[in-house]
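Presented below is the structure to which this report refers.
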Amino acid sequence: MREDGKVKVVNRGYSEDKKKFKSAQAVAKLAGDENTGHLKVSFFPLFWADYKIVYLTDDYSVAIVTSNTYNYLWFLSREPKITDKLYDELEKRVAKMGFDLAKLSRVSQTRAKK
């Protein structure tokens with residue numbers, strides 16, 4: 001949380017090709033009732049995108065996030081890897097929501113040695 005009530009967002013990933021980490025910072029703010037999981041996220045000033053949390057584990061370790069139009073979908077985890085069992089459960093959950101599983105791309109989460 002930031003002092004202004006917004007949330008600092010840091011997306012970080014590792015490029016196997018380039019053998020290095022890359023990160024992007026953003027800011028998020030509530031887009032509605034605090035219990036809806038609907039945020040607006042900005043990576044660039046004056047441009048805000050919908051960020052809808054449609055599933056969250058009790059311990060906040062894994063989330064399913066989509067856009068307001070449901071054209072985008074992400075499985076987010078605090079850990080670089082999740083079990084195949086959990087991934088399968090997440091797929092079943094989004095299939096019930098109407099997402100086309102054939103369009104999902106599972107990204108390698110191999111962590112670089114530091």
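The model shown is predicted, which means the values in this text are computed figures rather than measured ones. Just so you know, these numbers use all the heavy atoms, side chains as well, and skip hydrogens, waters and symmetry mates.
Between Lys52 and Asp50, none of the side-chain N atoms (NZ, or NE/NH1/NH2) sits under 4.0 Å from a carboxylate O, so this pair counts as no salt bridge. A salt bridge links Asp84 with Arg106; the closest basic N to acidic carboxylate O contact falls under 4.0 Å.
Side-chain contact between Glu91 and Phe99 is absent, with no heavy atoms from C-beta onward closer than 4.5 Å. The closest side-chain heavy-atom distance from Leu104 to Phe75 is below 4.5 Å. For the pair Lys103/Asp100, a side-chain contact is recorded, criterion being any heavy-atom separation below 4.5 Å from C-beta on. With a 4.5 Å cut-off on side-chain heavy atoms, Leu90 and Ile82 count as touching. Leu30 places none of its side-chain heavy atoms less than 4.5 Å from the side chain of Lys40. Residues Ile53 and Tyr51 meet the side-chain proximity criterion, which asks for heavy atoms closer than 4.5 Å. Residues Val7 and Met1 form a side-chain contact, since some pair of their non-hydrogen atoms from C-beta on lies under 4.5 Å apart. Looking at Val54 and Val65, their side chains never come closer than 4.5 Å, going by heavy atoms from C-beta outward.
Atom CG of Leu73 and atom OG of Ser67 lie 9.0 Å apart (nearest 0.5 Å). The structure places CG of Asn68 at 12.0 Å from CG of Leu39, a figure rounded to the nearest 0.5 Å. Atom-to-atom distance recorded for Gln25:CD and Ser42:OG is 12.5 Å, nearest 0.5 angstrom. Taken to the nearest 0.5 Å, the CG atom of Leu86 stands 9.5 Å off from the CZ atom of Arg93. Taking CD of Glu3 as the reference point, atom NZ of Lys8 lies at 12.5 Å (rounded to 0.5 Å).
The aromatic rings of Phe44 and Phe47 sit tilted relative to each other, their planes meeting at an angle between 30° and 60°.
For Phe43, the CZ atom counts as densely surrounded, since its 6.0 Å shell holds more than 12 non-hydrogen atoms of other residues, nucleotides or ligands.
Linking ILVMFWY side-chain heavy atoms closer than 4.5 Å, directly or via other members, places Tyr55 and Trp74 in two distinct hydrophobic clusters. Cluster membership check: Met97 shares its hydrophobic cluster with Tyr87, using side-chain heavy-atom separations under 4.5 Å among Ile, Leu, Val, Met, Phe, Trp and Tyr.
Considering all non-hydrogen atoms of both residues, Ala28 and Val41 come closest at CB-CG2, 3.9 Å. Taking all atoms of both residues into account, the shortest heavy-atom contact from Tyr72 to Thr66 is O-OG1, 2.5 Å. For Val9 against Val27, the heavy-atom pair with the smallest separation is CG2-C, 4.4 Å.
Side-chain N or O atoms of Arg78 include one that pairs as donor or acceptor with a backbone N or O of Tyr60 at under 3.5 Å.
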